[in-house]
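Beneath this line is the structure, given in structure tokens, with notes to follow.
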Amino acid sequence: MPTDHRNPARDASQNPASSAVPSRASNPARDTSQNPAPSATQVVDDSDRAASSTGQVTKPSSPLPPPILSLRGVCKKFGSVRALDHVDFDIRAHEVVAVVGDNAAGKSVLAKTIAGVHPPDSGTIYLDGRPTLIPTPAAAHELGVATVFQDLALCDNLDIVANLFLGREARAYGVMKEAAMEDIARSVFGRIGARLPSVRTKVAALSGGQRQSTAVARALLGSPRIVVLDEPTSSLSVTQTAEVLNLIEHLRDLGYGVMLISHILADVQAVADRLVVMRHGRINGEAPMADVSYEDIIAAITGVPNDLTRATQRRADAARAG
Amino acid sequence: MTTERPTLGSQSSLREANRGRILDAIKRFGALTQVEIADAAGLSTATVSNIVKELTANGVVTTSPVSRSGRRALQVSLARRLGLVAGVHFASRTLRIELSDLVGTVIAQQHMPLPADHRADTGMDRAALLIADLLESIGASHEELRGVGLGIAAPVDHRDGSLPVHGIQRGWDEVQIAPSMARRLDTPVFVDNDANLAALAERRFGAAQGADVAAYVYVGHGVGAGLVIDGQIFRGAAGTAGEIGHIRVVDSGAICHCGNRGCLETVVNANALVESLRATHGNLSLRDVVNQCLAGDAGCSRVVADAGLFVGVAVAALANVINPRVVVIGGELARCGDLLLDPIRNEAGRAVLRNPASPLRIVQAALGDLAPVRGATALALDSVSLTADITEVSYAN
Ligand SMILES: Nc1ncnc2c1ncn2[C@@H]1O[C@H](COP(=O)(O)OP(=O)(O)OP(=O)(O)O)[C@@H](O)[C@H]1O
Ligand SMILES: [Mg+2]
Ligand SMILES: [Zn+2]
């Protein structure tokens with residue numbers, strides 16, 4: 001089997017966890033030293049972490065690793081619709097952040113902002129603590145953000161391998177042989193634990209869960225650090241949902257930061273580490289999954305004030321105060 | 001990649017290994033065409049076709065013609081003798097399901113993550129749908145399903161599969177699990193505590209084979225034990241035998257969910273374990289703690305070892321009462337191996353009456369996370385052959 005060591009994309013795709021998010025996968029607490037100190041803006045904005053991260057950023061003194069990606073005060077309007085209204089949002093390596101909310105709450109727009117489809121009108125995106133522009137989907141790809149949109153954008157009449165490399169042959173995968181592409185496809189599916197018998201199956205013949213796995217595998221080829229999944233289990237059978245939830249757990253264990261947008265609370269509660277509730281374009285609640293009840297989540301989605309929304313409000317007020 | 005890797009073994013051991021890879025692939029996907037098997041197992045189609053022929057002749061697999069993308073192909077599935085049973089395990093955060101034939105060969109399996117505090121209605125709905133999908137994936141009809149064994153992480157009154165002690169699986173209190181699951185599946189359902197079933201499985205197929213008195217201790221989201229004496233599960237009068245999670249190990253400790261003070265489960269449970277690491281390690285899941293312990297993280301290893309010391313106290317108490325031939329340690333934390341087991345051994349050794357004729361043996365579970373679902377399958381197999389068609393009538397309503 002020929003191996004092209006000069007091709008960085010290919011090498012990386014064989015082991016994204018170790019190349020893209022080095023030691024955090026095995027030990028989130030240890031490697032604060034590997035990341036630049038959070039920028040001043042970020043420290044001011046995030047009162048929770050300010051104390052530990054201003055002190056000794058080179059020591060593992062902060063229990064939470066710094067976020068890979070942070071949004072601060074991000075706004076996005078469509079005409080008079082405030083789709084995103086001063087949104088603060090973080091994704092860390094090795095965690096699943098679920099974003100829930102009613103229809104039109106702004107979840108997909110948030111995903112598309114991170115994916116470079118809708119750059120913000122105002123506010124800042126930080127990558128590893130540095131202010132960063134994500135003006136296009138190609139830029140998001142370069143920066144390590146992989147997004148699987150709800151429509152998946154797969155070609156039914158092509159097989160799995162062809163779908164994985166569609167539109168990429170010309171770039172990183174230039175003269176790659178079919179057999180080599182099959183190998184990479186198999187290795188990606190093997191790594192994410194996806195249940196797919198043959199990588200030469202036509203996409204039209206796949207189940208919903210297998211299509212989702214294919215779209216995720218395609219997203220992972222660029223060796224991202226963040227995987228954004230918009231409604232990955234809606235309209236799937238239970239078996240297919242099982243496949244996708246197992247896949248999400250697996251991605252997390254490999255060290256990826258996963259953003260899971262979903263309105264199926266049972267799925268969210270099964271795999272998420274942290275929960276963010278959106279309402280009318282705002283963040284209406286945020287908490288570790290273990291700390292919130294089903295009833296709290298429903299209340300935050302529908303806009304009834306409760307412990308979850310009040311705690312988030314207090315944090316936001318404190319951040320504004322200084 | 002259709003070339004086989006050359007191995008050092010003889011021709012027959014190579015063939016044996018290839019047979020294993022083929023059977024693994026079929027088990028994983030239910031039923032596959034020969035081309036798909038070749039791809040999934042990384043073998044040439046010629047090799048696959050050869051071995052499938054042999055397996056068909058031996059009655060291990062059956063083949064049926066299907067069409068795939070307009071072309072005709074042979075679909076291969078495991079042969080199922082006499083019918084099928086399902087094993088179901090509702091663990092704290094995972095649902096596991098397996099289908100077996102009536103000689104106990106596992107034919108298909110599936111699992112999925114569950115929410116904390118999962119609820120009976122959605123849980124049973126999902127399990128029923130997964131079983132139906134698994135049946136379909138192997139081309140079996142619903143009538144072939146003869147019975148279902150179901151394990152759950154709470155004490156069970158195994159007559160109707162209700163939970164006599166409320167508040168342990170809060171979403172399942174008040175539910176008569178056996179009849180309501182039987183209605184969903186239209187087949188008899190037999191329910192037991194998951195540690196009891198894990199004990200049964202380890203006794204039959206795992207680390208406690210041949211032991212006349214065996215105990216299985218679950219250490220993970222909580223602590224519990226199952227006892228198998230002379231091959232039979234010992235449940236006590238109404239299902240709470242073996243609940244060693246409620247042995248007091250901290251004299252003026254925290255109040256337990258059971259209402260008592262200082263129970264083992266107040267110090268060894270998923271929340272307590274990750275909570276003691278929150279200041280240094282941030283938000284970890286129980287799986288993270290185990291993975292980091294295995295990767296050599298000092299803090300996580302310490303938390304696991306300390307859990308072992310507490311469990312050891314309770315294991316000694318258990319051993320002094322039932323004098324087990326072997327104590328099998330299972331559950332999420334058991335994946336840490338001796339990092340958990342050595343502290344258990346040390347602490348138990350200091351509090352058990354030493355009997356030279358049966359020194360206390362404490363070993364890691366051989367079936368890992370699959371022990372309870374294996375036991376659920378065993379329960380279904382035992383119950384189906386014992387009760388024949390009588391229960392089918394009583395549960396059909
Ligand atoms: N490209 C667009 N042009 C104009 N308005 C848009 C566009 N995309 C989104 N919006 C508006 O922004 C708001 C937020 O939409 P978004 O798609 O993020 O909702 P959502 O939370 O994903 O809802 P759902 O659960 O229905 O998917 C809505 O009012 C929507 O109509
Ligand atoms: Mg949307
Ligand atoms: Zn107790």
Quiz question: by atom type and distance under 3.5 Å, do the side chains of [X] and [Y] form a donor-acceptor pair?
X         : Y         : answer
His221(B) : Asn271(B) : no
Glu243(A) : Gln110(B) : yes
His94(A)  : Asp288(B) : yes
Thr233(A) : Asp267(A) : yes
Asn283(B) : Arg274(A) : no

Output the option from [options] having the highest count of non-hydrogen pairs under 4.5 Å with chain A.
options                                    : value
Ala40(B), Pro115(B), Ser137(B), Ala41(B)   : Pro115(B)
Ala270(B), Ala116(B), Cys300(B), Pro113(B) : Pro113(B)
Arg119(B), Arg287(B), Glu36(B), Arg93(B)   : Arg287(B)
Leu129(B), Leu130(B), Asp125(B)            : Leu130(B)

Part of [X] lying under 4.5 Å from any heavy atom of chain A:
X         : result
Leu32(B)  : side chain
Asp117(B) : neither
Ser285(B) : both

Contacting region of Val199(A) [heavy-atom separation from chain B under 4.5 Å]: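 Backbone plus side chain of Val199(A), per the 4.5 Å heavy-atom cut-off to chain B.
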Contact class of Ser293(A) relative to chain B, heavy atoms under 4.5 angstrom: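 Neither the backbone nor the side chain of Ser293(A) comes within 4.5 Å of chain B.
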Working for side chain to side chain donor-acceptor pair (under 3.5 Å), residues Glu265(B) and His257(B): CA-CA 9 Å; Glu265(B) 209 161 83; His257(B) 60 81; 2.8 Å; yes
NZ/NE/NH1/NH2 to OD/OE distance under 4.0 Å, Arg92(A) and Asp273(A):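 Not counted as a salt bridge, because no side-chain N and carboxylate O are separated by less than 4.0 Å.
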